[in-house]
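Below is one structure; the comments refer to it alone.
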Amino acid sequence: MTAPPETDRADDAALLAASVRDSDSFTAVYDRYFADVHRYVAGRLGTQAADDVVAETFLTAFRRRAAFDPARGTVRPWLFGIATNLIAQHRRTETRRYRALARLGAEPPTDGHEDRVLNVVASDDMQPRLARALALPASSSTGCGSRNAPPAPPGGVPSCGAASAWPPRLPPSRAL
């Protein structure tokens, strides 16, 4: 990806300065950078969360457009900086939410048989276990879904079942 020409940089700063007086001028900045910022955020959070985070990015930029200082940089990195901060905030919020869900635990079923079957099929009863799994720090996860799973062998692939053995056995034709 190449940097925008110098005339575009000056034009961006002028558009942002003009948008302080005429808020409709900000539309040009939005149109110019929306796709780039959305691609950046979607690569880090996925497309569903990206829509909300990008909308919040441009809302924050619009609210803070008077504080933009062209001497400190151009509009594009300023927008990406706002997006990066919002991505971090989104991840912290999501982590807190999953930890809270994990603390709640599973509620005992009070419904009839048909409701219990529907919940199992719809995976509603998996939410607390999923929340606990997602709340685990990355270093404690073995990839096997259990903290008691054996550590990964030197090759880096964890052994998740009793049938797995390390080192792997090769067929006689490949043993030598």
Side-chain angles (χ1 to χ4, degrees), residues 1 3-4 9 12-13 15-17 19-20 23-111 115-116 118-149 151-152 156-158 160:
M1 181 175 273
R9 292 179 185 175
D12 287 345
L15 279 172
L16 211 53
S19 74
V20 173
S23 59
D24 289 339
S25 300
F26 190 80
T27 304
V29 173
Y30 177 86
D31 291 340
R32 184 173 292 169
Y33 292 110
F34 175 81
D36 291 338
V37 174
H38 191 274
R39 212 174 9 258
Y40 171 74
V41 174
R44 281 143 186 83
L45 296 178
T47 54
Q48 285 183 330
D51 294 339
D52 293 336
V53 171
V54 172
E56 186 68 28
T57 297
F58 281 98
L59 179 62
T60 302
F62 182 78
R63 289 178 176 161
R64 296 180 51 205
R65 67 191 185 279
F68 175 74
D69 182 10
R72 294 185 67 197
T74 61
V75 172
R76 187 173 190 270
W78 180 63
L79 289 170
F80 277 77
I82 293 170
T84 300
N85 290 335
L86 290 172
I87 289 168
Q89 180 182 356
H90 175 82
R91 287 185 173 155
R92 286 189 301 267
T93 301
E94 191 173 57
T95 300
R96 282 192 304 270
R97 180 176 178 269
Y98 283 131
R99 286 184 180 152
L101 284 172
R103 282 191 305 267
L104 288 176
E107 296 178 10
T110 58
D111 304 326
D115 291 330
R116 286 194 306 267
L118 181 60
N119 284 340
V120 169
V121 172
S123 298
D124 285 347
D125 64 334
M126 292 296 292
Q127 186 177 6
R129 292 194 328 203
L130 178 61
R132 280 193 299 274
L134 292 173
L136 290 176
S139 62
S140 71
S141 177
T142 62
C144 296
S146 169
R147 289 185 181 192
N148 298 328
V157 178
C160 296

pair L79-V29: side-chain heavy atoms closer than 4.5 Å: yes

Spacing of L45 atom CG and D52 atom CG [to the nearest 0.5 Å]: 10.0 Å

Point-to-point distance, once rounded to the nearest 0.5 Å, from CD1 of I82 to OG1 of T60: 6.0 Å

Spatial distance of atom CZ (R63) from atom CD (E56) [nearest 0.5 Å]: 6.5 Å

Taking every non-hydrogen atom, the tightest pair across A61 and W78: O-CH2, 3.4 Å

side-chain contact (heavy atoms from CB on, under 4.5 Å) evaluation trace for F80 with T57: CA-CA 8 Å; F80 277 77; T57 297; over 6 Å; no

Partner set under side chain to side chain donor-acceptor pair (under 3.5 Å) for Y98, not counting sequence neighbours: none

Closest heavy-atom pair and its distance - R91, R44: NH2-O, 2.8 Å

Between OG1 on residue T95 and NE2 on residue H90, distance to nearest 0.5 Å: 9.0 Å

Non-hydrogen atoms of T74 and P77 that approach each other most closely: OG1-CD, 2.8 Å

By ring-ring contact (aromatic ring centres under 6.0 Å, His included) - contacts of Y30 (at least two apart): F34, F58

Interatomic spacing from OG in S23 to CZ in F62 - rounded to 0.5 Å: 4.5 Å

Closest non-hydrogen atom pair, V37 against A83: CG1-CB, 4.1 Å

L15 CG to F26 CZ distance, which is reported to the nearest 0.5 Å: 10.0 Å

cation_pi(R65, F68) dist<6.0 Å, angle<=45: no

Listed partners of D51 passing side chain to side chain donor-acceptor pair (under 3.5 Å), at least two apart: H38

